[in-house]
Each structure stands twice: as structure tokens, then as C-alpha cells.
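This report concerns only the one structure given below.
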2 protein chains.
Amino acid sequence: MKPVTLSDIAERLNISITTVSKALKDYPDVSPKTKALVKELALTLNYRPNSFAVNLRTKESKTIGLIIPVIVHHFFSSVIKGIISQAEKKGYLVIILQSNESYELEKKQIDLLINQRVDGIIISLANDTVDFKHLNDVISLDKPLIMFDKIAKLVKCSKVIINDRQAAYDATQHLINTGCKRIAHFRGSLLPQNSIDRFLGYKKALVDNGIPYDPNLVYICECDDKSFEEGKKNAIKLLEDHDDVDGIFINTDLVAIGAIAAFNDLGVKIPETISIVGFSNWFMSSVISPTLTTVDQPGFEMGKEAFKQLFKEIRQRKNNLPVTYEEIVLKTSLVKRESTKTELTNRV
Amino acid sequence: MKPVTLSDIAERLNISITTVSKALKDYPDVSPKTKALVKELALTLNYRPNSFAVNLRTKESKTIGLIIPVIVHHFFSSVIKGIISQAEKKGYLVIILQSNESYELEKKQIDLLINQRVDGIIISLANDTVDFKHLNDVISLDKPLIMFDKIAKLVKCSKVIINDRQAAYDATQHLINTGCKRIAHFRGSLLPQNSIDRFLGYKKALVDNGIPYDPNLVYICECDDKSFEEGKKNAIKLLEDHDDVDGIFINTDLVAIGAIAAFNDLGVKIPETISIVGFSNWFMSSVISPTLTTVDQPGFEMGKEAFKQLFKEIRQRKNNLPVTYEEIVLKTSLVKRESTKTELTNRV
DNA sequence: GGTCTTTTCGAAAACGTTTTCGATAAAAAT
DNA sequence: ATTTTTATCGAAAACGTTTTCGAAAAGACC
């Protein structure tokens, strides 16, 4: 019933624990004969090294922690998948925690992970995280920390992000290229950096194309479970306020889909009357009607890159090499679908 | 730089490690004065118990493993959320692995988790898992195992499931109650039990209502990333084969949404000409047009129940109590939306 | 003052592994 | 035959904690 240990094997073979341990790890100073003997017995006894003891000795757990704001979300679950897939290749396990967009929870969870002595932490910040002490604590403990998507620019650690500003710029440019003259923007809440960057990209694209920026065309919608309703509501309001709008760049797909639903109900033609571009390339956007033009946010790749960088830093620390922080910016791409017209000119 | 240990505290206070340990855990045989002293110093030194050492001594890791076929899926990510939320309350961490619907991977991952010495395992089986040795291994190691959703009926352990058969029966009955006379069924692949049960429920509802079961009306679609296309294709085929069909009960929402898209394209009126019921209540089904009547599969609750049962069994084993396996069947509910007509009669 | 109880503490073993370093035996070299 | 090298092994410490059990000190009681 008790799990078999090195000592069990040693006893049966009348050799020392040391030799058993070495045999299993193919040390050069143990004869092929005993190696074979040990390995065979280990197999038949179904020996499994006690990870607690190993961790205690080696001071590493081969485990990393992941904190994300929400799990039930296409983008984030894609990231999880990316991280896990990469971690598995390197023999690492992943402990996942959900901060629920709460700063307080996030703090507690960071603490939990440190107590658990994970080898590193990957995190996407909660929306209401404004203080970064808990993150700097991780760094000062010399534990590798990677931030992705929702990051704190001021914290000195590696980051995996997309160029939200450029992506938003490109999305808006696409609307302009397809003939839109008066373009609205549904943005997210004021806090997260993404929201700000996307807004700035939108604004810059307008200005660069000689279209005056009109703050009245910018609507704020909270991104949460009610995003869909929010999108509907704002779409209707926009139509009442400004009947000359012919394009909208929307902060996130779900809101965009809400807007599409509203326009469909009202008989507003998409893209003929109003063109729409979303953000995220949530799976749903390829399935609704009309299918949604949107910015593809490569969640899976972000997860992979985040783990790769984490792994690199773990290795660097282990070998006492200088740790190099990197800012990895992944490419987004505009997925052109039915909710926008075809471009008139071919602009790069 | 080195993490502070009990011995560090002991040294500074000129007391023994034993006393420090006891003080921190509020043993009765240490004076209030030294307790206060120890606790204060522990706080200022930011002492964190080394979990490896604790685990090694106590032989438990306060960690559980979770294996699911896919992460990027509304139902499964809801389950994850349910498990994590409950685990956090009890001070457990969750290691998540994705089997990718592969039996081989599943085996390896079970092994990984056992080696990691998690306190218990929660699993939803891969579609191509037909042999259950790896699961019985877990049980014979006396490690708590809970299966949910995709289960193996023959394995002796607790299970958290829904009554797929009843749910399918109710869904089909709803179609009948709303006036459908000739009802097709898009089912999943032949292997997983859910697929079979849903099919049986569909069949029984027909027979119970005096509607002859016609095997030609049953289409098989693989449930994967291409489900949407699969749904479209089968919908078109169905229309060609049988122009008298007025209702479809579909194994899973995504396929149903594909079918809706196809019918929308073809100008087939939903629900007037054909009514559709899906399965899962994936978030999308409330967002497409027409909104989809579907069976709500309570993922979050399943996750919660699965962890609760696991926790119970961990406790039982720890206290040397007899372990009781339970089969927890959660209620599903039919969410009536626009893709079906209103019921003619009120049947219970 | 002596016995007895209560309070407070610490030595030591144990958990299972990894790794260093020295010991022994066999083989090779002189 | 003696020394040197090589191959093979094991003792022991260390990782940081928990817990048992006994010891010492302090207080209570006669």
C-alpha cells in the first residue's frame, strides 16, 4: 500500500540507496549490471520518485503558476492551451488561478503561488489592478515573472503582448480603405492599457487620413458578461445620435456581435450602410451573419511565447546567468469578412 | 536572498526549531509570549513555510489534478472555473492537463499526476479512451478519482454527470409538443456514452409519442473544430434527403448553429418550417439569430460538485473512514428560445 | 522542604531524495 | 611485486518541516 521508495529497492537488492539513485539516473559510476537490475526492479515495483523529496533537494518544483482574470473566455482559454502545451514539452505542470478581475484576489493568489514555490509565474492583470507591489515582490524574490496581454508597463519583467495601437490603427485604416468617412468607436473601460492603446490607434488612423476626430463618436462599454447587450444598446444609441455614421471600430468581438444583432433587427444593412470591425477574432465571429471582420489576437501563440520566455528565464537563473527581460510583441492580423466592404485601394 | 526557514527564526530568537514550528501553528504547549515573538519575527522576515518539506512530512500536497479533453470550449472552461472556485475555498490548487481527446496522452498525464503526488484527480475521458487500466491504477493506488461528463460506467469511482438520456428525451418531447411530426437527429460519434444516451433519449421520446423511429433521419457528425461546417453540410443534406422534416434535435450547439446558418442561407424559416433544439447551452446560442433552444448543461455546477466529492473522499481516506462512491446526477434544463415554436399543450 | 502537577521547551527521528567524497577492489602499468 | 589507475560502491550530510516524547522549570499543595 505504501509507495515504494529507493530504500525498498536497495533493501531487496542488498545495495545502498545511493547506488539505486545513481543507477536510475544513469550515473557513470555504477556498473551496467547493477543498473539493469535496479531499473528492472524499479519497473516491476512501479517505483515513482517522491516529488516532494526531489523538490526539497533540488529546490525546484517543475511547476509554474498562471493567473488570469477569467477562464471562460475564448482568448484566455486559448492562452491557457498555449502555455500548457509548451509546458508539457519541457516537463512542467501548470497551476491555474482565476483572479476574477479582482486586485485583492490577485494579491492573494500571487502569495499562494509563492508559498507553493512554483518555479515561475505568468499573469494577465485584473482590470482593477493599479498597484504593483505584489508583482515587484515576486521579482525581488528573484522568481521569474511574465506578464501578457494586460500588463503593467512599469514593472520590470518580460512581457508578451500585441501591438494594440497598431492593430487598432490597421482596423480603422481598413474601414477608411473600404470607403467609410465617418467612423465611430466603441471602446472598453478606461483602465486597461489595451483599451487606451486601441483608442489611440483608432484616433491616429483618422488623423493620418485627414478625417477629423470627433469625441462624440466614441462610446464606452464595459467588457463583461453583458457585453452583448451593451453592444446592442450602444448601437441603437449611436444610430439615434448620428445617422451619418458609416463604420464602427469596436473594442471587442462580443460587443460587435451585439451591435450586429441590433442592426440586423433594425434592418440596417451591414456592410452597405454601416461597416463593422471587431477585435479578438473570437470563434463566434466566424459564425454569425454577417461574419465579422476582426483583429485576430493570437492567444495560443501568446501562451506559447509566454512559457518559452519563462522557461528561458528559469534556465538563466539556474545557471547564474544574467537575466534578460524581453518585450515580445506578437503580430496581429486583420481577418476580413462580410461585415466590411472590399477595399477600394490597395494600401500597405 | 535565500528564503527564510524555521531555523533562521529559531536562531535569531535563541530558541529551538521545534518551538518556532509549534508557535506558528498555535500549539498549546508554547507560552503566549514566545508565540507573539515568533509570529512577529516571522511576519517581518516574511517567512513562508517550504511547501516541499511540509508535503514530504504530511504526505499531502493540497494539490489536485484535472484532465480534460479540450480547454478551449465553453462547457469545459466552465467546469474548470467551477472546480477552481471550489478548490480555492478549501485551500487546494489545481493542475490542469489537456488530453486532446487522445487516450495515449491521457495515460501519460495520469502518470504525471501520480508522480506529482496530487491528492486526487478529476477527469473527463478522451473520446477514444476504451481501455480503463490507467484509471483502475489510480484507484488501486488508493488515490481519489472523480469522473465527470465523459465517464466510464464500469470504473468504480464517483461520477458527476447529467442525465443525457432524460435531457434528450425532454428536448425531443419539446419538439413534439410544439407540433413537430417528423423529427431528425444529428448525433455525435459512436463512442462516447453521452452520444449514445442522447440518441436513446431521442428515440424513446419518439416511440412514447407514437412517432415511428426512422434511422434514415439520424445523421452522424463528428464534434470538433469543424462542427460548424459539419452542421451546415448535414443540414443541407437533410433537406435534400427528406423535405418533410419539421424538427431536428442536435447533439451539440455548434452543429446546431451550423444548421441554423445553412437554413438561414437557404431561406428556410426557423422555427416555422423547421424547429431546432441544440445541446449544451453554449454562450453563442443566445446570440445568434434566431436564438437557439437548447439543453443547458451546468458546467460550473458540475465542476463544483466534482471537487466537493473529491474533497470528501480525500477527507475520508485521511481519517481512515470507508470511502463511499457516489453518482451525482445534475439537473439539466431546457432553455426555450426562438428556434422552436411555443408549446401547444402543457405537458409535464 | 518535599511531593505532585502544570507549564514550557527542545532533542531527535522521520519523510525520500540527491550529491559529495572517500573507500575498496580490480585492472593496468611499472 | 609494487605502484598507479580505473571501476564500482556506500556513508553521510543536507533539504525544511512535523511530531513524539522526555526533561526542566515553575507553581500548587500538604
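Residue numbering restarts at 1 for every chain, and letters A, B, ... go by the order of the sequence lines. Keep in mind that what you see is a predicted model, and the values were worked out from it rather than measured.
Residues B:R117 and B:I15 both approach DNA chain C. Their nearest nucleotides, taken by heavy-atom distance, put B:I15 toward the 5′ side. Closest-nucleotide positions on DNA chain D for A:V20 and B:Y47 were compared, and the one nearer the 5' end corresponds to A:V20.
Checked for salt-bridge contact, A:D119 and A:K62 miss the test: no charged N lies under 4.0 Å from a carboxylate O. We find that A:E60 and A:K318 are joined by a salt bridge, their nearest charged nitrogen and carboxylate oxygen being less than 4.0 Å apart. Ionic pairing of A:R12 and A:D8 is not present here: no N-O contact between side-chain nitrogen and carboxylate oxygen is shorter than 4.0 angstrom. Under 4.0 Å is where a charged nitrogen must lie from a carboxylate oxygen, and between A:E301 and A:K304 no such pair does.
In this structure, the side chain of A:N50 engages the main chain of A:F52 through a donor-acceptor pair within 3.5 Å. For the pair B:S102 (side chain) and B:N100 (backbone), a donor-acceptor distance under 3.5 Å is absent. With B:T58 contributing its side chain and B:V54 its backbone, the two residues share a donor-acceptor pair below 3.5 Å.
Checking B:E88 against A:Q109 by side-chain atom types alone, a donor-acceptor pair falls below 3.5 Å.
Using a 4.0 Å cutoff on non-hydrogen atoms, the parts of residues 23-41 of chain A near DNA chain C are A:K25, A:Y27, ordered by number. Applying a 4.0 Å cut-off to non-hydrogen atoms, the residues of residues 4-13 of chain B that approach DNA chain D are B:T5, B:L6, listed by residue number.
The bend of the helix from C:dG1-D:dC30 to C:dT30-D:dA1, defined by the angle between the axes of its first five and last five pairs, stands at 60° to the nearest 10°.
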For a quick test of your reading: what N or O donor-acceptor pairs under 3.5 Å do the side chains of residues 35-48 of chain A make, sequence neighbours left out?
from: A:K35; atom 1: NZ; to: A:Y27; atom 2: O; distance (Å): 3.0
from: A:K39; atom 1: NZ; to: A:D26; atom 2: OD1; distance (Å): 3.0
from: A:K39; atom 1: NZ; to: A:D26; atom 2: OD2; distance (Å): 3.2
from: A:T44; atom 1: OG1; to: A:L41; atom 2: O; distance (Å): 3.0
from: A:R48; atom 1: NH1; to: B:N115; atom 2: OD1; distance (Å): 2.8
from: A:R48; atom 1: NH2; to: B:D111; atom 2: OD1; distance (Å): 3.3

Got a list of side-chain donor-acceptor pairs under 3.5 Å for residues 151-161 of chain B, not counting sequence neighbours?
from: B:S158; atom 1: OG; to: B:Q309; atom 2: NE2; distance (Å): 3.2
from: B:S158; atom 1: OG; to: B:E313; atom 2: OE2; distance (Å): 2.5
from: B:S158; atom 1: OG; to: B:E326; atom 2: N; distance (Å): 2.8
from: B:K159; atom 1: NZ; to: B:V155; atom 2: O; distance (Å): 2.8
from: B:K159; atom 1: NZ; to: B:C157; atom 2: O; distance (Å): 3.2

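Looking at heavy atoms from C-beta onward, A:K81 lies in side-chain contact with B:Q98 at the 4.5 angstrom threshold. The side-chain heavy atoms of A:I96 and B:V94, taken from C-beta on, include no pair separated by under 4.5 Å.
Between D:dG10 and A:T18, no contact under 4.0 Å exists linking OP1 or OP2 to a side-chain N or O.
Of the inter-residue distances, the one linking B:F148 atom CZ with B:L330 atom CG reads 11.5 Å to the nearest 0.5 angstrom.
Taking a heavy-atom distance under 4.0 Å as the criterion, the stretch of DNA chain C touched by chain B extends 5' to 3' from C:dT8 to C:dG16.
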